[in-house]
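Read through the structure below, which is laid out as structure tokens, and then see the notes.
The figures that follow rest on heavy atoms only: side chains count, while hydrogens, waters and symmetry mates do not. Every value quoted in this text rests on a predicted model; they were computed, and no experiment measured them.
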Amino acid sequence: MLVLSRKINESIIIGENIEIKVLSIDGDQVKLGIVAPKNVKVHRREVYESIQEQNKAALNIDANLIQKLTKKR
């Protein structure tokens with residue numbers, strides 16, 4: 001893990017096209033701004049983990065149910 005210290009309005013660059021900038025610091029809370037291409041997904045960790053769990057749950061759908069849903073009428 002790379003650990004960096006940054007002050008307000010300072011930033012770091014990841015690769016060639018992702019910038020993370022420190023916008024404000026208020027007590028123990030840091031507000032970050034992230035500039036990234038639209039094809040790069042940016043999520044808070046708890047949101048990312050929730051998406052992953054939902055994707056795993058979607059894979060556990062009963063095969064018979066899928067067949068019924070896709071069956072031509």
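Chaining together hydrophobic side chains whose heavy atoms lie under 4.5 Å apart places Leu32 alongside Leu2, Leu4, Ile8, Ile12, Ile14, Ile18, Ile20, Val22, Ile25, Val30, Ile34, Val40, Val42. Other residues sharing the hydrophobic cluster of Leu23, ordered by chain and number and joined by side-chain separations under 4.5 Å: none, the residue standing alone.
Listed by first then second residue, pairs satisfying salt bridge (Lys or Arg N to Asp or Glu O under 4.0 Å) with a partner in residues 20-33 number zero, not counting sequence neighbours. Sorted by first then second residue, the salt bridge (Lys or Arg N to Asp or Glu O under 4.0 Å) pairs that include residues 7-20, not counting sequence neighbours, are Arg6-Glu10.
Partners of Glu46 under the salt bridge (Lys or Arg N to Asp or Glu O under 4.0 Å) rule, at least two apart in sequence or in another chain, are Arg44. Considering only residues two or more places apart in sequence or on other chains, Lys56 meets the salt bridge (Lys or Arg N to Asp or Glu O under 4.0 Å) condition with Glu53.
To the nearest 0.5 Å, the span separating CD on Gln52 from CZ on Arg45 amounts to 10.5 Å.
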